[in-house]
Number of protein chains: 2
Amino acid sequence: MIKDLFKCDQHGRMPGDQRRAQILQSAFDLFSQKGFSGTTTKDIARLSGVSEAMVFKHFSSKDELYGAILEAKKCSEGLHKYPWESNEPMLAAMEAKDDLGVFYHFGRQALEKHQADIAFMRLLFYSALEEHELAERFFGEFVHEIYRFLGGYIAKRQADGAFRKIDPRIIVRSFLGMLLHHSLNNILWDTKRRILDIDNETAARSFAEMILRGAAATPSTTDNN
Amino acid sequence: MIKDLFKCDQHGRMPGDQRRAQILQSAFDLFSQKGFSGTTTKDIARLSGVSEAMVFKHFSSKDELYGAILEAKKCSEGLHKYPWESNEPMLAAMEAKDDLGVFYHFGRQALEKHQADIAFMRLLFYSALEEHELAERFFGEFVHEIYRFLGGYIAKRQADGAFRKIDPRIIVRSFLGMLLHHSLNNILWDTKRRILDIDNETAARSFAEMILRGAAATPSTTDNN
DNA sequence: ATCAGGTGAGTAAGCACTTACTTAATGCAG
DNA sequence: CTGCATTAAGTAAGTGCTTACTCACCTGAT
């Protein structure tokens, strides 16, 4: 019998916090696959390789378990890292007022992140539909900050006369729409890429060009290579 | 006690097919609010004002009830009607090669439809996450047809030299992304319109302008009023 | 009298969650 | 190193309740 396979089905004893983390991971996987009410505590226990009682030794209720996922995810990679943090190319492009570079590197990082964390995206969608607090907090903090940041840059470039004078938030919404809708297609609706199969680099470049021409004041042809 | 309130809680007898339709409507409302596994057959019965047994007299199982919703919705308004059917202004704009008009009227109709049928949109999302067949069929037929139609128009206008020579599907994806993402914000994430509060007319016009400038070959300023 | 519309009171399985208990690692005094 | 108390990791077998679904039985209009 194989032990220590990946993470599940470890029959032996395990330090408390390690098992706790494992249960958390199992719950995350299942909630993101089947939603909150579609997942049973028995499923979570089975995937963790322990009895149901252990789940309730670590988390007092199914609800608390859900809440703990959010905390764990928030403190780990992803959530607290905005698409411009540790995105040197984008920050450099902002410095240089290279608008195409800004949008391209922002979009590229976003698409890459979506693709790398499909389970989290699904969880986010479930929580939005099920009206758990995760969604509200995420969109109230994270998304709001994105609008502030990107919108701020656009406003500055409008002052420079580089962009048309329309509500920057509409430009942000358009651009995020392209990115998120594209990821949604790949994750949810057209996982086989039957309608459109392009890599993240092509997508980010196309969307960046589109939004830039769409929002630019001077009808520049943005002839970068 | 109030009887005959809206549609629910009708205590008296009712013709079979009428009651059936009512149960269907209750199930639709509840599934779209709480998802398939989040809704109980008891809830459905209560909302319909009948006993649970009646639900199973009309539908042999909860699954079949879900399936019947799809059939009913498909045959009724909405699903089989593409955003260009009974959209004379858009068809006229196509005839006149008024690109801005085409995108504007398409977008406007789409946004209006999303807003009018929030419950259906939610159901569609739930079914995409839960991987019921509804989502697959919808996106396989409806969405595919939209790409064909809009993409076809764009290809024709590219031949005219009006649009840049990029994959028309990327333009369609960008445009649908703006529209759907905007609706998603309004329906799911920012129902209070705290980030951006614009009416459908403004949104459709902004998105249409954006996509047109983004995709146009000649950097025209599209000075329509 | 018929029969479609409608029900109360089930059933077996499944649910979140608990209790009473066993097992294995870790000290630490002699 | 032994022997034993302590404690954390773990479970089998429940608890009461809910679930999807059934069945024997009404009821009232034609």
Side-chain angles (χ1 to χ4, degrees), chain A residues 1 3-5 7-31 33-69 126-127 130 132, chain B residues 1 3-5 7-31 33-69 126-127 130 132:
Chain A
M1 187 185 292
K3 273 170 101 179
D4 266 30
L5 194 52
K7 63 176 204 297
C8 61
D9 204 41
Q10 308 200 338
H11 297 318
R13 291 188 77 154
M14 201 182 279
D17 46 357
Q18 198 173 326
R19 182 114 281 169
R20 191 189 142 96
Q22 191 198 30
I23 293 169
L24 217 48
Q25 182 63 44
S26 301
F28 172 76
D29 291 346
L30 290 168
F31 285 154
Q33 273 171 47
K34 313 196 284 178
F36 184 76
S37 54
T39 300
T40 69
T41 51
K42 199 170 209 156
D43 286 340
I44 295 166
R46 194 183 309 124
L47 186 60
S48 306
V50 291
S51 69
E52 233 180 316
M54 274 308 289
V55 173
F56 287 99
K57 189 156 266 177
H58 284 290
F59 305 95
S60 68
S61 74
K62 195 182 168 189
D63 268 298
E64 199 205 276
L65 181 49
Y66 192 94
I69 288 175
Y126 262 123
S127 75
E130 289 169 342
H132 265 274
Chain B
M1 190 186 289
K3 274 169 101 178
D4 266 30
L5 193 53
K7 62 170 204 300
C8 62
D9 205 41
Q10 307 200 338
H11 297 317
R13 292 186 77 151
M14 201 183 278
D17 47 356
Q18 196 172 327
R19 180 113 286 169
R20 192 190 142 95
Q22 191 198 30
I23 292 169
L24 219 47
Q25 181 63 44
S26 302
F28 172 77
D29 291 346
L30 289 168
F31 284 154
Q33 274 171 45
K34 312 196 283 178
F36 184 76
S37 52
T39 301
T40 70
T41 52
K42 196 171 211 157
D43 285 341
I44 295 167
R46 195 184 307 125
L47 185 60
S48 305
V50 291
S51 70
E52 234 180 315
M54 273 308 290
V55 173
F56 288 98
K57 190 154 265 177
H58 284 289
F59 306 94
S60 68
S61 73
K62 195 183 168 188
D63 268 297
E64 198 204 276
L65 182 49
Y66 192 93
I69 287 176
Y126 262 122
S127 75
E130 289 168 344
H132 267 273

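Letters A, B, ... mirror the listed sequences (proteins, then strands); counts begin at 1.
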Nearest-nucleotide wise, let me know which of B:Ala53 and B:Asp17 is further upstream toward the 5' end of DNA chain C. B:Asp17
Taken in chain and number order and not counting sequence neighbours, the residues that satisfy side-chain hydrogen bond (donor to acceptor under 3.5 Å, both in side chains) with A:Gln33 are none
Got a sec, which residues hit side-chain hydrogen bond (donor to acceptor under 3.5 Å, both in side chains) with B:Glu130, two or more places apart in sequence or on another chain? none
Using whole Å, report how far [atom1] of [X] lies from [atom2] of [N].
| X | N | atom1 | atom2 | value |
| --- | --- | --- | --- | --- |
| A:Arg20 | D:dA8 | CZ | P | 16 Å |
| B:Arg46 | C:dG6 | CZ | P | 18 Å |
| B:His58 | C:dT7 | NE2 | C1' | 13 Å |
| A:Ile23 | D:dA9 | CD1 | P | 11 Å |
| B:Gln18 | C:dA4 | CD | P | 18 Å |
| A:Asp63 | C:dC17 | CG | C1' | 13 Å |

Nearest non-hydrogen partners of B:Ser26 and B:Ser48, listed with the distance: OG-OG, 2.9 Å
A:Phe59 and A:Ile23 have their tightest heavy-atom pair at CE1-CG2, 3.8 Å
A:Arg19 versus A:Gln22: any side-chain heavy-atom pair under 4.5 Å? yes
Can you measure from [atom1] ([X]) to [atom2] ([Y]) and round to the nearest 0.5 angstrom?
| X | Y | atom1 | atom2 | result |
| --- | --- | --- | --- | --- |
| A:Ser51 | A:Lys42 | OG | NZ | 11.0 Å |
| A:Tyr66 | A:Ser61 | OH | OG | 13.0 Å |
| B:Ile44 | B:Phe56 | CD1 | CZ | 8.0 Å |
| B:Thr41 | B:Lys62 | OG1 | NZ | 7.0 Å |

Just to be sure I understand: a Watson-Crick pair is purine N1 to pyrimidine N3 plus N6-O4 or O6-N4, both under 3.5 Å. Using that and G-U wobbles, which stems of three or more pairs involve DNA chain C? C:1-30 with D:1-30
Please tabulate, one pair per line, each protein N/O and nucleotide N/O from nucleotides 12-16 of chain C that are separated by under 3.5 Å, including the distance.
from   : atom 1 : to      : atom 2 : distance (Å)
C:dA16 : OP1    : A:Thr39 : O      : 3.4
C:dA16 : OP1    : A:Lys62 : NZ     : 3.0
C:dA16 : OP2    : A:Thr41 : N      : 2.9
C:dA16 : OP2    : A:Thr41 : OG1    : 2.9

So, using side-chain contact (heavy atoms from CB on, under 4.5 Å) as the criterion, who are the partners of B:Lys57 when residues are at least two apart? B:Met54
Expected rows: protein N/O vs nucleotides 22-26 of chain C N/O, under 3.5 Å:
from   : atom 1 : to      : atom 2 : distance (Å)
C:dA24 : O4'    : A:Arg13 : NH1    : 3.3
C:dA24 : N3     : A:Arg13 : NH1    : 2.9

Side-chain-base donor-acceptor pair under 3.5 Å for B:Lys57 and C:dG6: yes
Does a side-chain N or O of A:Arg19 approach OP1 or OP2 of D:dA9 to a distance below 4.0 Å, or not? no
Taking the basic N atoms (NZ, or NE/NH1/NH2) and the acidic carboxylate oxygens, is any pair closer than 4.0 Å for A:Asp17 and A:Arg20? no
